[in-house]
Amino acid sequence: TPPTEGKMFIKALFDYDPNEDKAIPCKEAGLSFRKGDILQIMSQDDATWWQAKPEGDASPRAGLIPSKHFQERRLALRRPEILVQPLKVSNRKSSGFRRSFRLSRKDKKTNKSMYECRKSDQYDTADVPTYEEVTPYRRQNHEKYRLVVLVGPVGVGLNELKRKLLISDTQHYGVTVPHTTRARRSQESDGVEYIFISKHLFETDVQNNKFIEYGEYKNNYYGTSIDSVRSVLAKNKVCLLDVQPHTVKHLRTLEFKPYVIFIKPPSIERLRETRKNAKIVSSRDDQAAAKPFTEEDFQEMIKSAQIMESQYGHLFDKIIINDDLTVAFNELKATFDKLETETHWVPVSWLH
Ligand code: 5GP
């Protein structure tokens with residue numbers, strides 16, 4: 001029997017330091033952890049404080065961590081907007097929803113609705129990342145590491161990193177072929193640069209949720225289909241995909257088991273130093289539209305990275321800072337090598 005059988009593991013979706021927790025009964029007994037850490041649950045007997053230890057830690061001593069319910073509740077209280085949100089997703093008729101929404105907005109000034117919402121347990125806990133139950137996933141022998149999603153702000157160097165990876169081993173890595181509705185150019189062939197389809201078919205495919213993402217450019221549609229990811233994986237290649245972070249949640253399934261890497265910019269000082277003579281490609285791959293970086297581009301990149309990290313940080317499996325391209329590339333490569341050998345932790349919900 002596998003040694004993990006009968007054990008319960010969770011992935012932490014937030015950083016925790018017991019020394020900064022006013023509520024913990026005994027700080028010395030607390031277990032500190034970082035977002036992304038895998039913890040083994042030793043006891044859930046107490047509704048507020050669970051006992052856990054880092055996964056793989058042989059020592060029998062467990063530490064206290066806030067329970068999921070407790071952590072969700074206090075996080076929701078700190079972010080009152082979460083308390084208002086569930087009314088949007090409830091089963092009420094839309095007129096009813098609008099009324100209650102307005103009511104709670106008005107009452108928010110007096111703090112009354114917050115209390116009422118909490119009492120009725122109506123906040124949407126999905127928006128309060130705390131822990132996710134995970135399980136080790138045993139890969140088939142021939143199976144390469146699934147889908148790797150690269151996310152990061154415009155200009156951070158995601159395309160260069162992707163290209164370097166691809167040319168480092170074209171047998172090993174693959175990228176998706178996008179769909180477009182524009183006419184094929186003479187030097188292009190169908191299925192290589194793009195899959196060329198009609199506007200009508202594109203619109204039908206969008207309606208049938210066949211795209212992970214799509215956009216419009218000069219009156220034509222462009223998009224990445226789910227099937228294009230499947231065909232890369234079917235060749236037993238690691239599929240490299242760069243998308244907006246909000247699309248990641250649609251890919252989090254057992255079929256794709258995405259490993260999400262966030263490419264993060266360094267400090268603004270380092271950006272100014274390292275990108276002085278570089279050019280920014282603002283739309284996906286349009287080299288022709290490349291322009292030198294401006295101070296606003298740097299600020300925008302930092303701001304956008306901060307927003308991505310605060311909104312989607314709990315979905316990132318790895319963060320790589322792209323200060324120096326070669327260093328970042330080596331770190332990326334090392335991450336990939338490790339991925340092929342180490343245990344995958346996948347959410348239990350993917351197995352159902
Ligand atoms: P072109 O028509 O010159 O080949 O591409 C023009 C633009 O289409 C690219 O610069 C990029 O902005 C956009 N594009 C290409 N592929 C995709 C895709 O898969 N998804 C989206 N949203 N846009 C794409």
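Side chains are part of it too, since the values below use all heavy atoms of this structure and drop only hydrogens, waters and symmetry mates. Model, not experiment: these values are computed from the prediction. Atoms within each ligand, like the ligands themselves, are counted from 1 in listed order.
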Check: Is any NZ, NE, NH1 or NH2 atom of the basic residue among Lys35 and Glu309 found under 4.0 Å from an Asp or Glu carboxylate oxygen of the other?
Finding: no
Notebook entry, point to check: How about Glu269 and Ser267: does a side-chain donor come under 3.5 Å of a side-chain acceptor?
Noted result: yes
Notebook entry, point to check: Are Tyr214 and Tyr217 co-members of a hydrophobic cluster defined by side-chain heavy atoms under 4.5 Å apart?
Noted result: no
Check: Nearest non-hydrogen atom to atom 2 (O) of ligand 1 belongs to which of Tyr221, Phe211, Tyr217, Tyr222?
Finding: Tyr222
Next item on the list: Considering only NZ, NE, NH1 and NH2 on the basic side and carboxylate oxygens on the acidic side, decide whether Glu193 and Arg184 come within less than 4.0 Å.
Entry: no
Next item on the list: Enumerate the atoms of ligand 1 whose separation from the nearest heavy atom of Arg182 is less than 4.0 angstrom.
Entry: 1 (P), 2 (O), 4 (O)
Note to self: Under 4.0 Å from a heavy atom of Gly223: which atoms of ligand 1 are those, numbered in the order shown and with their elements?
What the structure shows: 18 (C), 19 (O), 20 (N)
Item checked: Atoms in ligand 1 flagged as close to Gly215, the criterion being non-hydrogen separation under 4.0 Å -> 22 (N)
Checklist line | ligand 1 atoms in contact with Tyr214 (distance to a heavy atom under 4.0 Å) | finding: 22 (N)
Checklist line | Contact check, Arg185 vs ligand 1, heavy-atom distance below 4.0 Å | finding: yes
Next item on the list: Indicate the atoms forming the closest heavy-atom contact of Arg146 with Val346, along with that distance.
Entry: NH1-CG1, 4.0 Å
Next item on the list: Identify the two heavy atoms, one from Phe298 and one from Arg275, that lie closest to each other, and give their separation to 0.1 Å.
Entry: CE2-CB, 3.6 Å
Next item on the list: For ligand 1, indicate whether the residue Glu213 contacts it via side chain, backbone, both or neither (heavy-atom separation under 4.0 Å).
Entry: side chain
